[in-house]
Structure formats: structure tokens, C-alpha cells
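Structure below; questions to follow.
If you're wondering where the values come from, they're calculated on a predicted model, not measured in any experiment. First listed ligand is number 1; within each ligand, the first listed atom is number 1. No hydrogens, no waters, no symmetry mates; every other heavy atom, side chains included, goes into these values.
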Amino acid sequence: MENQDLQVLVADAKAALIGVPSKAQWEQIKATFLGPKGSLTQYAKRMGSIAKEDRPTFGKLLNQAKGEIEEIFQDRLVKLEELEDLKSLGPPIDPTLPSSPSFLGGIHPLTKTRRRIVSIFKKIGFTVAEASEVETEWFCFDALNTPDDHPARDEQDTLFFPSRSNWANVSRKNQESYLLRTHTSSVQIRTLLKEKPPLRVIAPGRCFRRDTVDATHSANFHQTEGLFVDHKVTVRDLKGVLDYFLKELFGDKVETRLRPSFFPFTEPSFEVDLKVPDLGKLSNKWIEIMGCGMVDPAVLNLVEIDPQEWNGFAFGLGIERVTMLLHGIDDIRHFYQNDQRFLSQFSSQV
Ligand code: DAH
């Protein structure tokens with residue numbers, strides 16, 4: 001009799017757990033069987049009214065039923081936990097659906113300008129030259145005809161590597177005094193020592209100066225150098241190449257002018273100004289854009305190229321400056337802060 005009743009309880013427990021959706025409900029149902037007021041606990045109270053000799057059998061059956069019921073609840077709990085784990089993984093994955101578009105990132109505006117500049121010069125036969133950002137004083141200044149007392153050679157203007165002073169007694173050629181290059185003009189010398197004229201190279205790269213950072217200055221910036229060496233090159237060739245370049249960059253309506261200037265490694269030297277009708281606040285104003293000039297024969301002599309036979313021109317411009325003019329950017333610091341709000345404005349442009 002007892003056994004039958006207990007088996008009904010076991011069956012009831014099984015039935016009660018069908019379709020239980022949550023651990024909370026499982027707890028509630030468990031209490032109705034195994035809790036202090038649960039049906040099995042109530043049933044156990046019959047022990048008192050049972051004949052002494054039947055009690056061991058009753059107890060055994062009771063424990064057996066309790067074990068079975070506990071096992072039923074435990075199995076169900078494991079299943080519920082599995083279900084909860086699956087739920088936490090989110091909706092099932094449908095591998096047949098197209099994947100969501102991934103954000104590939106964009107090209108940095110300075111890289112874009114550099115690529116544009118390079119591709120413009122490539123069209124007229126220039127190749128790209130590269131050199132190290134760590135340079136010797138000789139390549140950066142001496143070989144470029146830049147005298148000892150030039151301000152760029154001052155500790156205040158250039159980032160020298162330590163121990164410069166230790167070399168005071170060694171001859172200049174062996175000094176190997178290292179610095180972070182202040183301009184890409186040093187690539188002119190590296191190219192002239194490596195390649196035979198005629199040559200046309202463009203040398204974009206990073207440069208460094210001891211500048212205090214503000215809206216127009218950065219201790220780390222980028223330039224593009226250009227060097228053209230051939231027979232009987234004239235200022236007209238220089239102007240023609242730069243006009244072509246600036247028209248490609250700023251549009252056909254650009255006007256340019258060469259203004260006399262001075263650079264130690266070019267003679268004569270010029271600043272190039274340009275005027276563009278549609279350049280925001282700077283529309284129709286003369287703006288200084290780059291430096292240039294005819295390669296000084298002293299530079300050619302130094303690299304053992306005969307200036308009677310070969311001559312040429314060189315130019316240098318700031319990649320930040322060009323990018324700021326092209327896009328109306330008013331603060332150089334935007335380029336280095338990695339702010340997505342700034343950078344993403346350029347991500348769709350090639
Ligand atoms: N190196 C110069 C600078 O950093 C720029 C420059 C001027 C380069 C005239 C040249 C040049 O090649 O001919 O200010």
C-alpha cells in the first residue's frame with residue numbers, strides 16, 4: 001500500500017516537472033515535494049502511526065522514493081542549466097545568412113596626401129627614394145652645404161642623439177653624430193651617392209624638430225623632397241614641373257609664383273606661392289607652399305658629380321601643410337590624436 005502511494009508521488013514529481021521553464025519555478029515545485037511542508041515530508045509523518053515491526057520497511061520505501069524524487073529534480077536542474085547557458089549565447093546562428101559588414105578602418109589623411117603626391121610625380125617619371133629617419137649630421141647638414149652656424153644645427157632646433165659633445169676632437173667626417181632628420185633633403189645626398197644621373201626622385205618621409213607643439217607646429221611631421229638632375233636643366237623646368245604638380249593637386253585654376261629665397265643647398269633658391277580661387281578662407285590669397293631651387297654646384301661637387309655636365313633642381317614641401325590646405329584643417333594636432341571623429345571624415349577618400 002505504502003509503496004503504491006510512494007510510486008504515485010514519484011510519478012507526480014515527474015509530471016510536475018514537465019515543461020518547467022525556469023530555475024525559480026523548479027525551486028517552487030521542489031518545495032511542494034521535498035520541502036518541510038512538501039507531500040513527501042507529510043507522507044513521512046505516517047511513520048508514527050505504523051506498527052513497530054513495519055517501520056523499517058516503511059522507512060526503506062520512503063528513502064527509496066525520496067532518492068528517486070531527488071534524482072528526478074537533479075536531472076531536471078541539469079537540463080534547465082544547459083538551456084540557460086544556450087540562451088545566454090543568444091539566438092541560434094544561421095550560417096546561411098550573409099555576414100554583417102565589417103569596418104575596415106580608413107587610410108590616414110597624411111598617408112592619402114603622400115600617396116597622391118607620389119602618384120602625381122610618378123606620372124612624370126619620378127621614382128620614390130627612402131632613407132632612414134635617423135641621420136648623421138653630415139648627411140643632414142654638411143653635405144647640404146649648411147654651415148656650422150646655421151640655426152638648424154643648434155641643440156634647440158634639432159633632436160640630437162646623446163654624446164655629440166664627446167666627438168668634439170674627432171674630424172667631422174668620422175664624427176657620425178646622429179640626429180633625427182630635420183628634413184627629407186638628406187635623401188638628396190643619399191640618392192646622389194647611390195645613383196648616377198640623370199635622375200628624378202621623390203622622397204616622402206617623417207622629419208623631426210625641437211618644436212613646441214601648437215596649432216601649426218609639431219616635433220614630428222612629414223615632408224616630401226624632390227630631386228631632378230639632368231643635362232642643362234633650367235628654372236623653367238623647375239617651374240614647369242611644380243606648376244604641373246600643384247595643378248594636379250589644387251586644380252587647374254591654381255596660379256603660382258616663385259619668390260626669391262635662400263636655402264644653403266640650392267642656388268638660386270625660391271619659395272613657391274600659390275593662389276587658388278576656391279580654398280575656403282584662403283581663396284584668392286597668395287599662400288607660401290614650398291621651398292625649391294637649382295641644386296647648388298657645391299652639393300654636386302661634394303658627391304663627385306661634375307656640375308659642368310649635370311645640373312638640376314630640388315624642392316621640399318610639408319605633407320601636413322598640403323593636407324591642411326586641401327581640407328581646410330586648422331590645427332596640425334588633429335593628425336596625431338587618433339580621434340575617430342576627425343579621421344573618419346577621410347575614410348571614404350582614396
Ligand atoms: N629642406 C627645406 C626645409 O625643410 C625645404 C626645401 C627647400 C627643400 C628648398 C628643398 C629645397 O629641396 O630646394 O625647410
Side-chain angles (χ1 to χ4, degrees), residues 114 117-118 121 126 128-131 133 135-147 150-154 156-159 179-193 197 199-211 216-230 233-243 245-246 256-274 287-300 302-303 305 307 310-322 332:
R114 189 196 72 215
I117 294 173
V118 167
F121 279 105
F126 280 71
V128 174
E130 276 180 312
E133 289 162 11
E135 197 44 282
T136 66
E137 210 172 341
W138 189 81
F139 277 99
C140 206
F141 304 126
D142 298 83
L144 286 161
N145 208 27
T146 305
H150 194 280
R153 302 183 75 137
D154 198 283
Q156 298 308 311
D157 288 306
T158 296
L159 294 151
L179 48 84
L180 290 176
R181 67 180 178 194
T182 56
H183 53 183
T184 43
S185 301
S186 52
V187 189
Q188 285 190 36
I189 306 301
R190 295 215 169 256
T191 307
L192 288 168
L193 285 174
L199 52 89
R200 301 170 186 192
V201 292
I202 188 94
R206 192 189 290 260
C207 308
F208 308 83
R209 289 187 194 170
R210 258 181 187 261
D211 265 329
T216 52
H217 294 87
S218 166
N220 152 30
F221 58 100
H222 300 77
Q223 284 189 341
T224 296
E225 194 73 13
L227 177 67
F228 186 113
V229 181
D230 213 315
V233 183
T234 64
V235 173
R236 225 161 79 163
D237 298 319
L238 164 63
K239 177 99 170 31
V241 164
L242 295 185
D243 279 359
F245 163 62
L246 293 169
T256 63
R257 71 179 181 196
L258 295 184
R259 198 159 31 82
S261 183
F262 175 78
F263 296 101
F265 41 91
T266 44
E267 182 58 35
S269 303
F270 310 96
E271 299 287 350
V272 185
D273 295 337
L274 88 173
I287 313 156
E288 188 181 305
I289 181 84
M290 61 200 286
C292 66
M294 303 305 287
V295 177
D296 194 313
V299 173
L300 294 175
L302 192 112
V303 293
I305 292 173
W310 301 102
N311 74 333
F313 60 79
F315 52 88
L317 79 159
I319 296 183
E320 278 82 352
R321 172 129 179 86
V322 170
I332 199 169

Exercise for the section: Answer yes or no: is there a donor N or O on one side and an acceptor on the other, between the side chain of D237 and the main chain of T234, under 3.5 Å? Expected result: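 Checking the backbone N and O of T234 against the side chain of D237, a donor-acceptor pair under 3.5 Å is found.
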Completion exercise
When rounded to the nearest 0.5 Å, the distance separating CZ of F315 from OG of S269 is 14.5 Å
Handout entry: Closest approach of G205 to R181 (non-hydrogen atoms, all atoms of both residues)
Key =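 Of all heavy-atom pairs spanning G205 and R181, the closest is CA-NH2, 3.3 Å.
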Handout entry: Numbered atoms and elements of ligand 1 in range of H183, under 4.0 angstrom, heavy atoms
Key =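 Selected atoms, number and element: 1 (N), 4 (O).
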Handout entry: Nearest candidate to atom 5 (C) of ligand 1, where distance is taken over non-hydrogen atoms, out of C207, G316, G318
Key =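 Nearest option to atom 5 (C) of ligand 1, by heavy atoms: G316.
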Practice task
Check each atom of ligand 1 against the heavy atoms of G291 and keep those under 4.0 Å away; list them by number with element.
Solution key: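 Those of ligand 1 that fall under 4.0 Å from G291 are 7 (C), 9 (C), 11 (C).
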Problem - Contacts of type ring pair (Phe, Tyr, Trp, His ring centres under 6.0 Å), residue F139, not counting sequence neighbours - result: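 Checked F139 against ring pair (Phe, Tyr, Trp, His ring centres under 6.0 Å); zero matches.
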Handout entry: For Q223, the ligand 1 atoms whose distance to one of its heavy atoms is below 4.0 Å
Key =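 Listed by number with element, the hits are 3 (C), 4 (O).
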Handout entry: Nearest protein heavy atom with distance in Å, relative to atom 12 (O) of ligand 1
Key = E225 OE2, 2.6 Å
Problem - ligand 1 contact on R209 by region, counting heavy-atom pairs under 4.0 Å - result: side chain
Handout entry: N-O pairing of R259 and E288 below 4.0 Å
Key =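 Yes, charged N to carboxylate O under 4.0 Å.
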Practice task
Flag F315 as yes when one of its N or O atoms lies below 3.5 Å from any N or O atom of ligand 1, and as no otherwise.
Solution key: yes
Handout entry: Side-chain (D273) to main-chain (R257) donor-acceptor, under 3.5 angstrom
Key =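 No: the side chain of D273 does not pair with the backbone of R257.
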Handout entry: Side-chain heavy atoms of H183 within contact of F265, under 4.5 Å
Key = yes
Completion exercise
Under 4.0 Å from one or more heavy atoms of Q188, ligand 1 contributes atoms 12 (O)
Handout entry: Heavy-atom nearest neighbour in the protein, as seen from atom 13 (O) of ligand 1, with distance rounded to 0.1 Å
Key = A314 O, 3.1 Å
Practice task
Provide, to 0.1 Å, the distance between atom 11 (C) of ligand 1 and the closest protein heavy atom, together with that atom's residue and name.
Solution key: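 Its nearest protein heavy-atom neighbour is F265 CE1, 3.4 Å.
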Problem - Part of M290 within contact of ligand 1 (heavy atoms, under 4.0 Å) - result: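 None of M290 does.
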Handout entry: Shortest non-hydrogen contact between T191 and A129, atoms and distance
Key = OG1-CB, 3.8 Å
Handout entry: Atom indices of ligand 1 within 4.0 angstrom of G293 heavy atoms, with elements
Key = 13 (O)
